[in-house]
There are 2 protein chains.
Amino acid sequence: MAASILISLNHKSYLREPESTELGRKIIAESIKMIDNLGFENFTFKKLAAKIGSTEASVYRYFENKHKLLVYLVSWYWAWVKYTITFHTHNIQDPCERLCRAIEVLTQAGQDEDPSIAYIDERILHRIVVSESSKVYHTKEVDEENKAGYFLEIKSVCSFLAKMVQDAAPEYPYPHALISTVMEATLQQIYFAKHLPTLTDIKKKEQAVEETLPFLKHLVFSAIEGNLMKIKAE
Amino acid sequence: MAASILISLNHKSYLREPESTELGRKIIAESIKMIDNLGFENFTFKKLAAKIGSTEASVYRYFENKHKLLVYLVSWYWAWVKYTITFHTHNIQDPCERLCRAIEVLTQAGQDEDPSIAYIDERILHRIVVSESSKVYHTKEVDEENKAGYFLEIKSVCSFLAKMVQDAAPEYPYPHALISTVMEATLQQIYFAKHLPTLTDIKKKEQAVEETLPFLKHLVFSAIEGNLMKIKAE
DNA sequence: CTTTTATGATAGTAATACTATTATTAATGG
DNA sequence: CCATTAATAATAGTATTACTATCATAAAAG
C-alpha cells in the first residue's frame with residue numbers, strides 16, 4: 001500500500017470537511033473506535049465530544065447528525081476498497097483471473113496491519129462496516145440520500161466488479177445482482193461466523209475471512225461459468 | 001393456504017402474549033402499518049398508542065421496547081415462511097425439485113392476496129422484513145438475544161433449506177452459507193430494485209420478486225450442480 | 001493590525017424512551 | 001352474587017437524546 005493515499009468522496013455527507021482540520025480528524029478517529037465499542041445505537045455526539053475534549057456543538061459543525069457521520073465512514077470504506085481493488089488488479093490481463101483477484105481483495109479488505117492513513121484504523125472500520133453498514137441505506141430517507149449521492153461509492157464498487165463479471169462472462173445476465181449479493185455476503189458471513197454461526201458453515205470466527213473466500217469464489221465462478229444454457233431455456 | 005393457522009414463536013420477545021387479547025392484536029396490526037409508513041426509526045410507542053386509542057404505558061406492558069416488537073414481527077414472518085415452505089414442499093420427492101420449489105416459495109413469500117391471519121397483513125409485513133429486518137440482529141446485544149432464542153425462527157428456516165441443499169448435493173460444502181446468502185439476497189434484491197437500482201439487474205420494481213427468482217435459482221443450482229471438483233482442488 | 005473563521009462554553013428546547021401511581025372496568029372464582 | 005384479581009386508561013414524571021442558539025475567545029488570514 002502506498003505510504004499516503006488520498007480518498008476523496010463524491011458527495012457531502014459532512015458540513016465541514018473533517019480531513020482538513022485537527023478536530024475533524026479527531027472526530028473521525030474517535031468515532032470509529034466508539035461506534036465499534038458501543039455500537040451505533042449507543043453512540044452519541046455528546047459521548048464523542050467528551051472523549052475528544054470538545055463539545056457537542058463543535059461536532060455538530062462537522063456532521064448534521066450521527067447517521068451522516070456513518071454515511072461518511074462507510075463511503076470512505078468503499079472508496080478505499082475501490083482504490084485497493086484497482087491497485088491490485090490493474091495489470092492483470094485475463095478477465096477471470098482479474099475477477100478472482102478482485103474478490104480476494106474485497107473479502108480481505110480491512111485485514112492489513114498497516115493503515116493507509118494515520119488517523120483511520122481500517123481494521124476497526126472494517127468491523128463497523130460489517131456490523132453497521134446496512135443501516136446507511138435502510139432508512140426512510142434512502143431515496144433523497146441516494147439523490148444526494150450518498151451511495152455513489154458503494155455503487156461504484158458494484159459497477160466496477162460487475163464490469164469484470166461482464167468481461168469474464170459476457171453472456172451472464174445478472175452481473176450487478178451477483179456482485180451486490182457477493183458484496184453483502186462478504187460482510188454477512190463474517191458477522192454470522194461471529195454471532196450467528198448456525199447461519200454459516202464458517203467454523204472458526206478467527207479465520208472467518210479466510211474461510212469465506214473459497215465459498216464466494218466458488219459461488220461467483222460456478223454462476224458465471226456454469227450452464228448458462230439453463231437461464232436461456234427459462 | 002389454510003383458513004386459520006397458528007404461528008407460535010419459540011421465545012419471548014414479548015412481555016404479554018399479543019395474540020391473546022384485543023389490545024395485543026391491535027398493537028401488532030397497527031405497528032405493522034406504522035413501521036411501513038414511518039420507517040422503524042420514526043416509529044414510537046407514543047404514536048402507536050395514539051393511533052389505536054390506547055396509552056404508551058399499555059403498549060409497554062406487551063413489549064419492553066420497539067426493538068423487541070420488531071424482533072417479534074420478524075420472527076413471526078420467518079415462522080410463517082417456514083410453515084408455508086413446509087406446506088408447499090412436503091410431498092415433493094425429488095430433492096432438486098423440492099429445493100427449487102422452496103426457493104420459489106421463499107422468494108414469493110408475502111405476495112399472496114389473502115392473508116392467513118386476520119389482523120396480520122403479510123404483504124405489508126413482507127415490506128417491513130425487506131426494509132428493516134437486518135436491524136434485528138445488527139445490535140450490540142446480538143449475542144444475548146441469540147441466547148434468549150430471538151433468532152430461532154430465521155435459523156430454523158436456514159437449517160431447513162440447508163438440509164434440502166444437502167439432500168440435493170451431499171458433496172457441497174457450504175449449504176448454510178449458501179442459504180443464508182440467498183435468504184438475504186431475496187430481500188436485498190427487492191430493496192435494491194426499488195431504491196438502489198444500480199446495485200441490481202432487476203429493472204421493473206413492480207416485478208422485482210418475479211425477476212429475482214431466476215437469478216437466485218440459477219445462483220443456487222449452478223453452485224450445487226457446478227463443478228464441485230474445483231472446490232476440492234483448492 | 002484588523003477581520004474572518006473555528007472552537008469552546010454555556011444554555012435551552014422538543015422529543016424519545018421509558019417508569020410509577022392511581023383509578024376504573026372487566027373477567028374469574030368461590 | 002360478591003370478592004378478588006387482572007387488564008387497561010389516565011396522568012404525571014424522569015433521564016437521555018438530538019439537536020439549536022448565543023456569546024466569548026483564540027487563531028489564522030488578509
Side-chain angles (χ1 to χ4, degrees), chain A residues 12-31 34-35 37-73 119 132 135-136 138-141 144-145 150, chain B residues 12-31 34-35 37-73 119 132 135-136 138-141 144-145 150:
Chain A
K12 281 188 64 183
S13 47
Y14 52 81
L15 295 171
R16 212 199 288 301
E17 165 77 75
E19 310 224 350
S20 61
T21 65
E22 183 58 31
L23 179 61
R25 289 186 291 267
K26 268 192 196 171
I27 288 171
I28 300 303
E30 197 57 42
S31 67
M34 286 189 93
I35 294 172
N37 282 331
L38 305 175
F40 186 64
E41 277 67 37
N42 301 318
F43 165 80
T44 70
F45 278 2
K46 198 174 187 180
K47 291 174 189 171
L48 173 64
K51 198 76 160 262
I52 61 177
S54 181
T55 64
E56 229 182 324
S58 295
V59 177
Y60 273 104
R61 287 192 195 101
Y62 282 84
F63 292 96
E64 249 178 274
N65 52 53
K66 68 175 182 174
H67 177 255
K68 301 213 170 177
L69 170 58
L70 186 64
V71 169
Y72 180 89
L73 295 177
Y119 63 96
E132 317 284 2
K135 293 167 192 170
V136 304
H138 282 119
T139 69
K140 208 64 192 174
E141 298 78 32
E144 301 155 44
E145 297 194 346
Y150 287 11
Chain B
K12 281 187 63 183
S13 48
Y14 52 82
L15 294 170
R16 210 198 293 297
E17 166 77 74
E19 310 223 351
S20 62
T21 67
E22 184 58 29
L23 180 60
R25 288 185 293 267
K26 269 194 195 168
I27 288 171
I28 299 302
E30 196 56 44
S31 66
M34 287 191 93
I35 294 172
N37 283 331
L38 304 176
F40 186 65
E41 277 67 37
N42 302 317
F43 164 80
T44 68
F45 278 2
K46 197 174 188 177
K47 293 174 188 171
L48 172 64
K51 198 76 160 263
I52 60 179
S54 181
T55 63
E56 227 182 326
S58 295
V59 177
Y60 274 104
R61 284 191 203 99
Y62 283 84
F63 292 97
E64 247 178 275
N65 52 53
K66 68 174 181 173
H67 177 255
K68 301 213 170 179
L69 170 58
L70 186 64
V71 169
Y72 180 89
L73 295 176
Y119 63 95
E132 318 285 2
K135 293 167 192 168
V136 305
H138 282 120
T139 69
K140 209 63 191 175
E141 297 78 33
E144 298 155 45
E145 295 193 347
Y150 287 12

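Each chain gets a letter, A, B and so on, in the order the sequences are listed, and its residues count up from 1.
- If you check every strand for non-hydrogen atoms under 4.0 Å, B:Glu56 touches a base.
- The aromatic rings of A:Phe43 and A:Phe45 sit perpendicular to each other, their planes meeting at more than 60°, with 30° as the lower class boundary.
- For the pair B:Tyr62 and D:dT8, the criterion of a side-chain N or O lying under 4.0 Å from OP1 or OP2 is met.
- When each of C:dT19, D:dA9, C:dT16 is scored by its nearest atom to the side-chain atoms of B:Lys47, the top-ranked nucleotide is C:dT16.
- With no hydrogens or angles considered, a side-chain donor-acceptor pair links A:Glu19 and A:Tyr119 at under 3.5 Å.
- Closest to the side chain of B:Arg16, from the set D:dT8, C:dG8, C:dC18, is D:dT8.
- Residue B:Tyr150 forms a side chain to side chain donor-acceptor pair (under 3.5 Å) with just one option from B:Glu145, B:His67, B:Lys68, and that option is B:Lys68.
- Distance CZ (A:Arg61) to C1' (D:dT22): 11 Å, rounded to an integer number of Å.
- Projected onto DNA chain D by closest heavy-atom contact, B:Gly24 and A:Phe43 fall at different nucleotides, the more 5' of which corresponds to B:Gly24.
- When the side-chain nitrogen and oxygen atoms of B:Lys46 are compared with OP1 and OP2 of C:dA17, none of them lie within a distance under 4.0 Å.
- Taking 4.0 angstrom as the limit, B:Ser58 places a side-chain polar atom (N or O) nearer than this to OP1 or OP2 of D:dA9.
- Between B:Glu64 atom CD and C:dT19 atom P the separation is 8 Å, expressed in whole Å.
- Salt bridge B:Glu41/B:Lys135: present, at least one basic N to carboxylate O contact under 4.0 Å.
- Here the P atom of nucleotide D:dA7 and the CZ atom of B:Phe63 are 15 Å apart, to the nearest Å.
- In this structure, A:Leu23 places its CG atom 14 Å from P of D:dA28, rounding to the nearest Å.
- Within the structure, every side-chain polar atom (N or O) of A:Thr55 is placed at least 4.0 Å from both OP1 and OP2 of C:dA9.
- Of the listed nucleotides (D:dT8, D:dC19, D:dA10), D:dA10 has the atom at the smallest distance from the side chain of B:Ala57.
- The distance between atom CD of B:Glu41 and atom P of C:dA15, rounded to the nearest whole Å, is 19 Å.
- Going from atom CZ of A:Phe45 over to atom C1' of D:dT17 covers 12 Å, rounded to whole Å.
- The OH-C1' distance, from B:Tyr60 to D:dA10, rounds to 17 Å in whole Å.
- Residue A:Leu23 holds its CG atom at 10.0 Å from CD1 of A:Ile28, rounded to the nearest 0.5 Å.
- Between B:Asn42 atom CG and C:dT16 atom P there is a gap of 8 Å when expressed in whole angstrom units.
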